[in-house]
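Scroll down for the structure; my scribbles are underneath it.
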Amino acid sequence: TGTAPAYDVVVTDPLPSALFDLGTIAEGTTPAGFTYSYASPTVTYEIDPGASLAPGASRVFTFTGDIRADVVIQTSYDNTADVDFRRRCC
């Protein structure tokens, strides 16, 4: 949240190779105004040049991928994405 638009928004999700079969990662849902890319092991979504995200706005990003066959079931795994952006002043 904030009071100024967010510019140069980049969402990165470095995927844990112990959890995902990194060769199966594919684009799911990419919101309008963003671009998806994948360079193993990181999924990236970038806002289009010159575009911004309004204060209080949210977007949903999805991708698909297979879980490795050797992953222990009924176990909890964390997967965290990072969001970077810039605000323009004046």
Side-chain angles (χ1 to χ4, degrees):
T1 62
T3 58
Y7 294 88
D8 304 324
V9 178
V10 179
V11 179
T12 54
D13 190 352
L15 304 177
S17 61
L19 179 59
F20 292 99
D21 176 351
L22 298 176
T24 65
I25 304 303
E27 182 176 11
T29 304
T30 302
F34 283 82
T35 302
Y36 164 90
S37 64
Y38 176 63
S40 185
T42 304
V43 171
T44 303
Y45 297 92
E46 293 185 67
I47 199 165
D48 292 345
S52 65
L53 195 59
S58 65
R59 298 292 181 271
V60 175
F61 304 88
T62 65
F63 62 88
T64 62
D66 293 342
I67 301 298
R68 291 173 45 115
D70 59 345
V71 169
V72 177
I73 60 172
Q74 297 181 343
T75 301
S76 177
Y77 294 90
D78 292 326
N79 178 48
T80 303
D82 296 308
V83 178
D84 293 310
F85 65 93
R86 298 191 194 328
R87 289 183 286 165
R88 294 188 182 155
C89 178
C90 315

Does Asp78 have any salt bridge (Lys or Arg N to Asp or Glu O under 4.0 Å) partners at least two apart in sequence or in another chain, and if so, which? none

Same hydrophobic cluster for Tyr36 and Phe34, using side-chain heavy-atom links shorter than 4.5 Å among ILVMFWY? yes

Val72 vs Tyr77 side-chain heavy atoms within contact, under 4.5 Å: yes

Are any of the side-chain heavy atoms of Phe20 and Ile67 separated by less than 4.5 Å? yes

side-chain contact (heavy atoms from CB on, under 4.5 Å), that's the test. Do Asp13 and Phe61 meet it? Break it down for me. CA-CA 11 Å; Asp13 190 352; Phe61 304 88; over 6 Å; no

Quick one: CG on Leu15 to CG on Leu22, what's the gap to the nearest 0.5 Å? 6.0 Å

Donor-acceptor list for residues 39-53 side chains, cut-off 3.5 Å, not counting sequence neighbours:
residue: Ser40; atom: OG; partner: Tyr38; partner atom: OH; Å: 3.4
residue: Tyr45; atom: OH; partner: Thr62; partner atom: O; Å: 2.7
residue: Asp48; atom: OD1; partner: Thr35; partner atom: OG1; Å: 3.4

Kindly give the heavy-atom pair with the smallest separation between Ala81 and Val11, and that separation in Å. CB-CG1, 4.3 Å

Interatomic distance, Asp70 atom CG to Asp21 atom CG [nearest 0.5 angstrom]: 10.0 Å

Are more than 12 heavy atoms from other residues, nucleotides or ligands located less than 6.0 Å from atom CZ of Phe85? no

What's the spacing between Arg68 CZ and Thr24 OG1 if we round to 0.5 Å? 11.0 Å

In terms of heavy-atom contacts, Ala18 and Val71 come closest through O-CG2, 3.5 Å

Flag side-chain contact, heavy atom, 4.5 Å: Asp8 against Val10: no

